[in-house]
Amino acid sequence: MTGVPASAAGNHRPKAAPVAPAPKVGLWNIANILTMVRLVLVPGFVLLLVHGDGHDPAWRSFAWAAFAVAMITDLYDGELARRYGLVTDFGKIADPIADKAIMGAALIGLSALGDLPWWVTAVILFREVGITLMRFWVIRHGVIPASRGGKLKTLTQGVAVGMYILALTGPLATLRAVLMGVAVFLTVATGLDYIRQAVLLRRAGLAAIAAIAAIPDAADPAAERSREPDA
């Protein structure tokens, strides 16, 4: 006899160690700082691009440098946030805004200066804004991951727009036009693929919701009895 009630002895369980809450990520981290730098670069880039008559080779080179820095920060801020656990609500909102802002400013500026056809700017911006809104539309059902085609599209757009920012002539000017054509094709093709993924994702999400909603009725004995015929 131990003197300890059997019920107490049988129900004794070691207490689980308390789980420490995940450390809160502050606003001022390297990923968010890079995003902020990209946002700050947008008005500076526009001023450099349109300085004077907008076609001075020296000022266009300065504008290209600002655009290149913005594109480089775009490559690293998201990767750093995911790798080191620096994802914040600010970053989730500011990062896509910064991406669209610098690319939109470049496209609109180049078209306003007569260097890039307006239809190219319209196609690219319509796709970018439309896909962003579509991602929010289906976010309750899941996240559409960036595809290889989407990443190639982003790279091709960045290089092509960067070449248009520079005052190029001759074969290089022809090359940038070809590259922009490839970028437009990838923009449209990947946009259509994202629409297909969004439709499939939403259908699967709605089907899963309907299936979950039907489970309680099937598992509820009262519901089963209510379906039995009266004696």
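We count residues from 1, following the sequence as given. This is a predicted model, so every value here is computed, not measured.
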* Path from L152 to V182 over hydrophobic side-chain contacts below 4.5 Å -> yes
* Structure fact -> Residue pairs passing the salt bridge (charged side-chain N to carboxylate O under 4.0 Å, His left out) test with at least one member in residues 174-199, sequence neighbours excluded, are D193-R196
* Exercise: identify the closest heavy-atom pair between A198 and M134 -> CB-SD, 3.5 Å
* Stepwise side chain to side chain contact (heavy atoms under 4.5 Å, CB included) check, W64 with M163 -> CA-CA 8 Å; W64 176 88; M163 293 181 71; over 6 Å; no
* I124 versus M180: any side-chain heavy-atom pair under 4.5 Å? -> yes
* Rounded distance (nearest 0.5 Å) linking atom CD1 of I131 with atom CD1 of I195 -> 5.0 Å
* Asked: Can you tell me how far CG of L110 sits from CG of D115, rounded to the nearest 0.5 angstrom?
  -> 6.0 Å
* Structure fact -> When rounded to the nearest 0.5 Å, the distance separating CD1 of I97 from CZ of R38 is 11.0 Å
* Which pair of heavy atoms, one from L113 and one from D53, lies closest together, and at what distance? -> CD2-O, 3.9 Å
* What is the distance from atom OG1 of T174 to atom CG of L179, rounded to the nearest 0.5 Å? -> 12.5 Å
* To do: With the side chain counted from C-beta on, respond yes when T187 and R127 share a heavy-atom pair under 4.5 Å apart, and no when they do not.
  => yes
* **Validation row: V161, L107 side chains within 4.5 angstrom (heavy atoms)** => yes
* To do: Answer with yes or no whether the hydrophobic clustering places L172 together with I165; edges join I, L, V, M, F, W, Y residues whose side-chain heavy atoms lie under 4.5 Å apart.
  => yes
* **Rounded distance (nearest 0.5 Å) linking atom CH2 of W118 with atom CD1 of I108** => 6.0 Å
* Apply the test side chain to side chain contact (heavy atoms under 4.5 Å, CB included) to residues V199 and R203: give CA-CA distance (whole Å), side-chain angles for both, the deciding distance (0.1 Å), then the verdict. => CA-CA 6 Å; V199 171; R203 286 179 180 174; 3.7 Å; yes
* For residues E128 and M103, determine if any side-chain heavy atom of one lies less than 4.5 Å from a side-chain heavy atom of the other. => no
* Atom pair CG (L49) and OH (Y164), whose distance is rounded to the nearest 0.5 Å -> 14.0 Å
* When clusters are formed by joining ILVMFWY residues with side-chain heavy atoms under 4.5 Å apart, either directly or through shared neighbours, do I72 and F62 land in the same one? -> no
* To do: Identify the heavy atoms of A105 and V46 that sit nearest to each other, and give their distance.
  => CB-CG2, 3.8 Å
* Cluster overlap L186 with L175, hydrophobic side-chain contacts below 4.5 Å -> no
* To do: Would you mind listing every ring pair (Phe, Tyr, Trp, His ring centres under 6.0 Å) that reaches into residues 29-51, with sequence neighbours excluded?
  => F45-F67, H51-W59
* **Side-chain donor or acceptor of S111 paired with backbone N/O of T121 under 3.5 Å** => no
* May I ask you to test the I102-M71 pair for a side-chain heavy-atom distance under 4.5 Å? => yes
* Structure fact -> What one should report as the nearest heavy-atom pair of A66 and L48 is CB-CD1, 4.2 Å
* Treat each ILVMFWY residue as a node, draw an edge where side-chain heavy atoms are under 4.5 Å apart, and state whether L47 and V42 are in one component. => no
